[in-house]
Novice: 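Below you will find the structure I want to go over with you.
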Amino acid sequence: MHLTPELLLKAYSIGIFPMAKSRIDPDLHWIDPDERGILPLNGLHVPRRLKKTIRRGHFDLRCDFAFDQVLLACAEAVDGRQETWINPAIKRLVSELFDMGVAHSVEVWRKGDLVGGLYGISLGGCFFGESMFSRERDASKVALVELVLRLSKGGYQLLDTQFTTPHLEQFGVVEIPREDYRIKLSDAIKCPAEFPIEDIPQKERSAFLSGT
């Protein structure tokens with residue numbers, strides 16, 4: 001069966017998502033974890049050192065400016081991560097979702113170079129965080145904090161991280177049972193939300209950090 005962007009969104013709406021075993025695997029496999037990682041939008045924890053980095057304006061932050069570059073960076077093999085789950089089929093589908101306005105990127109730039117970022121899929125008031133990358137210290141962490149700021153600003157109810165790791169747990173990511181997740185998902189996708197892509201003033205960003 002040829003998987004379309006519309007079918008992919010339907011899958012996300014019922015709590016399942018595709019992954020490939022490797023970036024060269026031609027097949028997709030549907031994932032429905034017993035435990036689901038989520039980051040409560042009112043439960044973000046930002047380490048003190050990272051707050052200082054963000055407040056200093058060390059990086060420039062943009063959204064949807066270089067989506068394809070972010071997607072390719074998330075899919076590539078790097079030191080410490082020789083394999084990824086983003087194969088050509090996923091690249092195609094996600095690129096089509098971006099063209100439809102339902103996939104978004106958060107990008108971290110430094111001196112004109114893209115040094116980190118993440119991308120995900122938006123459905124109602126739920127944002128499905130898909131993958132992130134970093135080419136400079138703290139870049140992906142800054143992207144995650146920026147994502148939460150924008151989701152909070154845009155009226156989102158749920159940030160799905162799919163899984164959790166010790167790295168994500170330091171920011172407040174928790175695991176919840178599949179059935180609890182599905183209830184939250186059903187409620188969230190009914191809520192109107194809009195992903196804000198405009199520039200956010202540094203003063204507003206600093207105020208947000210004060211609450212984390």
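Counting from 1, the numbers follow the sequence of the chain as shown.
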Novice: Please identify which of these residues, L28, I90, L97, meets the side chain to side chain contact (heavy atoms under 4.5 Å, CB included) condition with L8.
Specialist: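 That would be L97.
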Novice: If I compare all heavy atoms of G129 with all of L159, which pair ends up nearest, and what's the gap?
Specialist: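 Reported closest heavy-atom pair: N-CD1, 4.3 Å.
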Novice: Do L123 and F128 have side chains that approach each other closer than 4.5 Å (heavy atoms only, starting at C-beta)?
Specialist: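 L123 reaches F128 side chain to side chain.
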Novice: Between S206 and K203, is there a donor-acceptor pair closer than 3.5 Å when you use the side chain of the first and the backbone of the second?
Specialist: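 No.
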Novice: Could you check whether any side-chain heavy atom of I16 comes within less than 4.5 Å of a side-chain heavy atom of I31, counting everything from C-beta outward?
Specialist: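 Sidechains of I31 and I16: no contact.
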Novice: Look at the side chain of Q157 and the backbone N and O of G155, then say whether any donor-acceptor pair between them is shorter than 3.5 Å.
Specialist: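 Yes: the side chain of Q157 pairs with the backbone of G155.
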Novice: Tell me, do K51 and T212 make a side-chain contact under 4.5 Å, heavy atoms counted?
Specialist: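 Side-chain contact under 4.5 Å: yes.
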Novice: Which atoms form the tightest heavy-atom contact between Q202 and I54, and what is the distance?
Specialist: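 Minimum heavy-atom separation between Q202 and I54: NE2-O, 2.7 Å.
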Novice: Side chain of T161, backbone of T164: donor and acceptor closer than 3.5 Å?
Specialist: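 Looks like no, no N/O pair under 3.5 Å.
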Novice: Quick check: are there more than 12 heavy atoms from other residues, nucleotides or ligands sitting under 6.0 Å from NZ of K91?
Specialist: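 Result for NZ/K91: enclosed.
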Novice: Do V142 and V145 come close enough that some side-chain heavy atom pair is under 4.5 Å?
Specialist: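 In short, these two side chains do not touch, never coming nearer than 4.5 Å.
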Novice: Is there a path from F163 to V174 through hydrophobic residues (I, L, V, M, F, W, Y) whose side chains come within less than 4.5 Å of each other?
Specialist: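 Yes, F163 connects to V174 through the hydrophobic network.
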Novice: Might you point out which heavy atoms bring P5 and M100 nearest each other, and give the distance in Å?
Specialist: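 Taking every non-hydrogen atom into account, CB-SD, 3.7 Å.
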Novice: Check whether any side-chain N or O of E130 sits under 3.5 Å from a backbone N or O of L118 as a donor-acceptor pair, and report yes or no.
Specialist: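 No, E130 side chain to L118 backbone: no donor-acceptor pair under 3.5 Å.
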Novice: Between D160 and Y12, is any side-chain donor less than 3.5 angstrom from a side-chain acceptor?
Specialist: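 No, because no side-chain N or O of D160 sits under 3.5 Å from a partner of the opposite role on Y12.
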Novice: Given side chains that start at C-beta, do those of K141 and D138 come closer than 4.5 Å, heavy atoms only?
Specialist: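 Side chain of K141 against side chain of D138, heavy atoms only: contact under 4.5 Å found.
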Novice: Under 4.5 Å between side-chain heavy atoms, counting indirect links through other Ile/Leu/Val/Met/Phe/Trp/Tyr residues: same cluster for L72 and L93 or not?
Specialist: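 Per the 4.5 Å side-chain linkage, L72 and L93 are not co-clustered.
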Novice: Should we say atom CD1 of I197 is surrounded by more than 12 heavy atoms from elsewhere, each under 6.0 Å from it?
Specialist: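 It does not: I197 CD1 has 12 such atoms or fewer within range.
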Novice: Are the side chain of R150 and the backbone N or O of C63 linked by a donor-acceptor pair below 3.5 Å?
Specialist: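 Flag not set: sc R150 to bb C63 has no pair under 3.5 Å.
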Novice: Between D32 and R182, is there a side-chain N and carboxylate O pair less than 4.0 Å apart?
Specialist: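 A salt bridge is present here (some side-chain N lies under 4.0 Å from a carboxylate O).
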Novice: Could you tell me whether the side chain of L147 reaches within less than 4.5 Å of the side chain of F127, counting heavy atoms only?
Specialist: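 Counting from C-beta outward, F127 and L147 do come under 4.5 Å.
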Novice: Search all heavy atoms of L158 against all heavy atoms of L41 and return the closest pair with its distance.
Specialist: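 Residues L158 and L41, closest heavy atoms: N-CD1, 4.2 Å.
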Novice: Counting only heavy atoms not in R137, do more than 12 sit closer than 6.0 Å to its CZ atom?
Specialist: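 Count not over threshold, so no.
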Novice: Is the F67 ring parallel, tilted or perpendicular to the Y119 ring (thresholds 30°, 60°)?
Specialist: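 Ring orientation of F67 relative to Y119: perpendicular.
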Novice: For the side chain of D64 and the backbone of S105, is there at least one donor-acceptor N/O pair under 3.5 Å apart?
Specialist: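 Between the backbone of S105 and the side chain of D64 there is a qualifying donor-acceptor contact (under 3.5 Å).
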Novice: Quick one: pull up CZ in F133 and CG in L71 and give me the separation to the nearest 0.5 Å.
Specialist: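 Rounded to the nearest 0.5 Å, the CZ-CG separation comes out at 10.5 Å.
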Novice: Sub-3.5 Å donor-acceptor pair from the side chain of N87 to the main-chain atoms of A89, do we have one?
Specialist: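 Yes; judged by distance alone, with no hydrogens or angles, the pair exists.
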Novice: Can you tell me if Q170 has over 12 outside heavy atoms packed within less than 6.0 Å of its CD?
Specialist: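 It does: Q170 CD has more than 12 such atoms within range.
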Novice: Which word best sums up how the rings of F195 and Y156 line up, parallel for under 30°, tilted for 30 to 60°, or perpendicular for over 60°?
Specialist: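 The arrangement is perpendicular - the two ring planes meet at more than 60°.
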Novice: Under a 4.5 Å cut-off applied to non-hydrogen side-chain atoms, are P33 and F17 in contact?
Specialist: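 In contact.
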Novice: Tell me whether the guanidinium CZ or amine NZ of R62 lies under 6.0 angstrom from the six-membered ring centre of F65 and within 45° of its axis.
Specialist: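 Judged by the rule, R62 and F65 form a cation-pi pair.
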Novice: Give the minimum heavy-atom separation between D68 and S95, together with the two atoms involved.
Specialist: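 Shortest heavy-atom separation between D68 and S95 comes out as OD1-OG, 3.8 Å.
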Novice: Using side-chain heavy atoms (C-beta onward) and a distance below 4.5 Å, is E169 in contact with E175?
Specialist: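 Answer no - side chains too far apart.
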Novice: In Å and rounded to the nearest 0.5 Å, what is the CG to CD1 distance from L168 to I38?
Specialist: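 Result: 12.5 Å between the selected atoms.
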Novice: Would R135 and S140 satisfy side chain to side chain donor-acceptor pair (under 3.5 Å), going step by step from the backbone distance to the final call?
Specialist: CA-CA 8 Å; R135 294 171 177 160; S140 62; over 6 Å; no
Novice: For K10, is there an ion pair with E6 - N to carboxylate O distance below 4.0 angstrom?
Specialist: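 So E6 does not pair with K10 through a salt bridge.
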Novice: Looking at L61, is its backbone amide N or carbonyl O close enough to the side chain of E107 to form a donor-acceptor pair, meaning the two atoms are under 3.5 Å apart?
Specialist: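 Such a contact is absent between E107 side chain and L61 backbone.
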Novice: If every non-hydrogen atom of C74 is compared with every non-hydrogen atom of S131, which pair is closest and at what distance?
Specialist: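 So the minimum-distance heavy-atom pair works out to CB-OG, 3.5 Å.
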